[in-house]
Amino acid sequence: MHKNKPEFIHDIQIGIGDVCKITGVSGRQLRYWEERGYIHSLDDPKSSVRKYSLDILYKVGSIKHFIDEGYTLAKAVEKSEQRSKEMMVVRHFMVDCLKEVKVTDLKKGYGELELGTYAGQKVVGIRDENGSRFEMRPLEEK
DNA sequence: GTTCTTACA
DNA sequence: TGTAAGGA
């Protein structure tokens, strides 16, 4: 994908062929989506060969996800952008609140999230074989 | 060998 | 949207 390792993630440039292989979206679609203004390739005045940023790679994958769900291209793009905005809030929330994460099963993605305190109790997010849920626990005394 | 544009069944 | 053509 890269001959020289980029110093920053923003320096990463991915060819259209790789974007196709990774996302499952055809080159024809990628060019069409760009023509419609849904995505953009890095503009290089010296070359007509398209290169994409990591951001766009994710966006393409996201749009593809919603298309596979049955949405039209236009709707899938809306969904993707809406999702992106929502996740921004989720990330900030988690960064602010998340105190500690205990991994109980790496492969299955199980674990416990320490999400702070509420009403004098610890708020814990649980993810295990029974699904995801919250639990309130008494503050540990030392 | 890959990507580009244009055109069409 | 896929695919073929013809050039870069």
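The structure presented is a predicted model; accordingly, all values stated were derived computationally and were not measured. Just so it is clear: chains get the letters A, B, ... in the order the sequence lines come, proteins before strands, and each one is counted from 1.
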Just the rounded figure in Å: distance from [atom2] of [N] to [atom1] of [X].
| X | N | atom1 | atom2 | value |
| --- | --- | --- | --- | --- |
| A/Q13 | B/dT2 | CD | P | 20 Å |
| A/L73 | C/dT1 | CG | P | 6 Å |
| A/R36 | C/dT1 | CZ | C1' | 14 Å |
| A/L30 | B/dT2 | CG | C1' | 14 Å |

Original post:
Taking only side-chain nitrogens and oxygens of A/S26, does any of them come within less than 4.0 Å of OP1 or OP2 of C/dT1?
Top reply: no
With a 4.5 Å cut-off on side-chain heavy atoms, are [Y] and [X] touching?
| X | Y | answer |
| --- | --- | --- |
| A/R31 | A/I16 | yes |
| A/S80 | A/K59 | yes |
| A/V25 | A/I63 | no |

[X] side chain to [Y] backbone, donor-acceptor under 3.5 Å:
| X | Y | result |
| --- | --- | --- |
| A/S26 | A/Q29 | yes |
| A/T23 | A/V19 | yes |
| A/R127 | A/G109 | yes |

Original post:
Charged N to carboxylate O below 4.0 Å: is that the case for A/D128 and A/R133?
Top reply: yes
**OP:** Give the intermediate values and the outcome of side-chain contact (heavy atoms from CB on, under 4.5 Å) for residues A/V123 and A/F134.
**Re:** CA-CA 7 Å; A/V123 179; A/F134 287 103; 4.0 Å; yes
Subject >> Positive for side-chain contact (heavy atoms from CB on, under 4.5 Å) with A/M88, one of A/K85, A/E86, A/R91 >> reply: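 With A/M88 as partner, side-chain contact (heavy atoms from CB on, under 4.5 Å) holds for just one option, A/R91.
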Subject >> A/Y110 atom OH, over 12 foreign heavy atoms within 6.0 Å >> reply: yes
Subject >> More than 12 heavy atoms of other groups within 6.0 Å of A/K99 NZ >> reply: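 Count over threshold, so yes.
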Between the protein and nucleotides 5-7 of chain C, list every N/O to N/O distance that falls short of 3.5 Å.
none

Original post:
Counting a pair only when it is Watson-Crick or G-U and both distances are under 3.5 Å, which runs of at least 3 such pairs involve DNA chain B?
Top reply: B:4-8 with C:2-6
Which pairs, protein N/O on one side and nucleotides 4-7 of chain B N/O on the other, fall under 3.5 Å?
from: B/dC4; atom 1: OP1; to: A/R50; atom 2: N; distance (Å): 2.8
from: B/dC4; atom 1: OP1; to: A/R50; atom 2: NE; distance (Å): 3.0
from: B/dC4; atom 1: OP2; to: A/R31; atom 2: NE; distance (Å): 2.9
from: B/dC4; atom 1: OP2; to: A/R31; atom 2: NH2; distance (Å): 2.3
from: B/dT5; atom 1: OP1; to: A/R50; atom 2: NH2; distance (Å): 3.3
from: B/dT5; atom 1: OP2; to: A/R50; atom 2: NH2; distance (Å): 2.1

